Amino acid sequence: MSSYNLLSEPIRKYIRDKRWESLRPIQEAAIQRILATDNNYVLISKTASGKTEAAFLPILSKVNFKESGVKVLYISPLIALINDQFERVEKLCEYLDVSVTKWHGEANKGQKDRLIKDPNGIVLITPESIEAMFVNKPYNVYHLFSTLEYMVIDEVHSFLGSDRGIQLKSLLERLQKINKNKFSIVALSATVSDVNQYVELKEFLGNSENTKIIRDTNKKDINAIFKYFPNASPELPIPLLEDLYEQTKDSKTLIFPNARGRVEEVAVKLKKISDKNKGHKNYFSHHSAVDKEVREYVEFFAKNQSHQNFCISCTSTLELGIDIGNVDEVVQIDATHSIASLIQRVGRSGRREGKQSNLFLYATDKWSLLQSLACWLLYKEQYIEPIVVNKKPFDVLVHQLLSIVKGTSGIILSELLEQLKTNSTFSDIEIDEMKDIIFHLTEIDFLEKIGNEFIIGIEGEKVVNNKEFYSLFKTETFFKVSNKGNKIGELPVSFQIKVDENIFLSARIWKIKDVDFKAKKIEVIPTNDGKKPLFFGNSADTAHKIREKMLEILFTKEKYDFLDEMGQDCIDDMRKDFSVFQLTNFTTERPLLLSNDNLTFYSFAGSKINKTIGFILKHNGIENLYFDDSSSFVIKNLNSDFISVLKHLNFEKSDLDVALRELVETNPAVLDFSKWGQFLPVNYQIQLLKNNYFDFEETINFLQLLKVIKNTD
DNA sequence: GACCTGCTGCGGTTTG
């Protein structure tokens, strides 16, 4: 225990009292390095491997908490995670007489006020709460956070590649600027396995040169079992549910059915089967539309009822590090959209004494089976999709610009530009581009120029003084569902929301008794039979590599011992269907099926490339139907030669910009992916579409190399 | 048929 001896005595006492026999590998490595240097570190290690302690043990040994001011700022993407970590960190801090303060939208205000009176110790916060402080009480940011020594960013991978991540990076740099002595950063992550991702990670922390990666490569052994139950209707096949029940009834299980409606269907139907068989009653659902208190109860149950089995049907709400302990079995119903997501889900399982740890992959559709298989094979190859960071985040610039102006009582142009230009988040955006955007914001009354100084304009006030301002993502308002004052969850308005309709929610069945459209409330009573609720969402993008792997599987002869008979037969059938194509190169060759009067182009490409191809086809007057499951375009009544059309698609730049402008003007909803993009000048909206929504560069690369293989008979 | 994430300030009332 060499690192142990380097820690301060109170921390060593903590370890002794905890009766830890040894430090985990990630802790051994991190303790030595964090104590010895002021480098930034990224600690990469699987869920529940002691990452939090790997960061906090050395930081608490090292930092001098005697001086006034907050010394350590911990940032989390989730309130639930802050509440979880608070208990752990606070217990540790009892040994040091250092105070820990939760600072998020649901945290106790008295504690926050106390911190302002006497800034000290450790603060646990969300990015949005930092944003709010910059906007409303910029002097408090200085008062509290100008003497930081360490910042800890938890679940850092959840920020990378998103607008929320760009916002956090900007906030981090704004904090760094008000600290005379630069603070060091320790970031924690469970799912970074590709060396290419290291570059983006280091860049994110703002000091690539002095950022080091510490990685525990210990893998989790898990046994995959594929089961194929083709379904003919939107409902899950009964044999699948019965098999699922048998596989999970004596375990602690997490089931990921991908969609909230289906999460409810699984929870309710399994519970019914369990009731019939006199099995356990602990069937729950957990997703964003389940009431918060109900979700907390479910988490509490999973964490504390160690002697009882349970089954939680959930969405990605249980992907991140909220502590529910380990489960015995993880079930994925139909394919995940990314390997990163699969890694997180697999990471939830752990071995119980004398029990094999299993991952069940159920598929209800042949394409989903193929995609699931592709994901599993890529997982075994340790592949993970690359992180794509928008280097010209004009929309986040709009937001941060308003945040900076609001935080001042008037700022001159040169000072505003200086603040943006010295923030490396925006270093690829030119000064002239910034000026364009500032000019446009002034035109639409988001900013107002008084003398030499910019302040927030009349229209800007409406936006900045709204609580929706602090976040980079949009949310719609749902109707609150309750039963005699007990909150159950919420549902979006749809034709389903009417009196006497029966729906599933929070793993139970309800009859709608009253809908109050004005108050957006639904009153329900329990009942015995019903339907899954309808939600409307967008599916996440599917990575290019996953589609490529799907194609590869179709052209190999391999048998998979983890596939059931139905599944292997299905894959063999698909292979037979595709055997009419003489295809050998999975990077460049793609099948083109010619039949009577239509053709089907199987692009086997990532979502962004497909969106771009669809747009270009339409732009060239080629009407097509796109099918996401099979990544294919069906084109009817095409007279010209499709291949030459595809190879010679019109990429004239000015022409493309005209087409994109037309798209933005006729269909502004195309910008819905960006909360702040709507306030950009139209030519910047076009650039945003090119950078974030479409991917012309990759599409051109793909099409240039593309060799279309036609069917032979 | 299709995921997730967060939220100030102020004035009022209640509580110790």
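Quantities reported herein were computed from a predicted structural model and do not represent experimental measurements.
- The nearest whole Å value for the distance from the CG atom in Leu236(A) to the C1' atom in dG1(B) is 12 Å.
- Interatomic distance, CD of Gln371(A) versus CG of Asp629(A), reported as 8.5 Å (0.5 Å rounding).
- Distance check, rounded to the nearest 0.5 Å: CG of Asp395(A) to CD of Gln167(A) gives 11.0 Å.
- Here Asn390(A) pairs with Asn692(A) under the side chain to side chain donor-acceptor pair (under 3.5 Å) rule; sequence neighbours left out.
- Tyr74(A) and Asp154(A) share a side-chain donor-acceptor pair at under 3.5 Å.
- One interatomic measurement links the two molecules: NE2 of His286(A) to C1' of dC3(B), which rounds to 14 Å at whole-angstrom precision.
- Look at Arg260(A) and you won't find any side-chain N or O under 4.0 angstrom from OP1 or OP2 of dG1(B).
- Atom CZ of Phe478(A) and atom C1' of dC3(B) are 11 Å apart (whole Å).
- For Phe301(A), the ring-ring contact (aromatic ring centres under 6.0 Å, His included) test picks out Phe284(A), with sequence neighbours left out.
- Side-chain atoms of Glu128(A) and Phe473(A), non-hydrogen and from C-beta on, do get closer than 4.5 Å to each other.
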- What one-letter contact string describes nucleotides 5-16 of chain B from 5' to 3', where B marks a base within less than 4.0 Å of any protein heavy atom, S marks contact via sugar-phosphate atoms alone, and - marks no contact? BBBBS-------

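- In this structure, the CD atom of Glu235(A) is 13 Å from the C1' atom of dG1(B), given to the nearest Å.
- One interatomic measurement links the two molecules: CZ of Arg345(A) to C1' of dC3(B), which rounds to 8 Å at whole-angstrom precision.
- Note: CZ (Phe159(A)) to P (dC4(B)) measures 17 Å, nearest angstrom.
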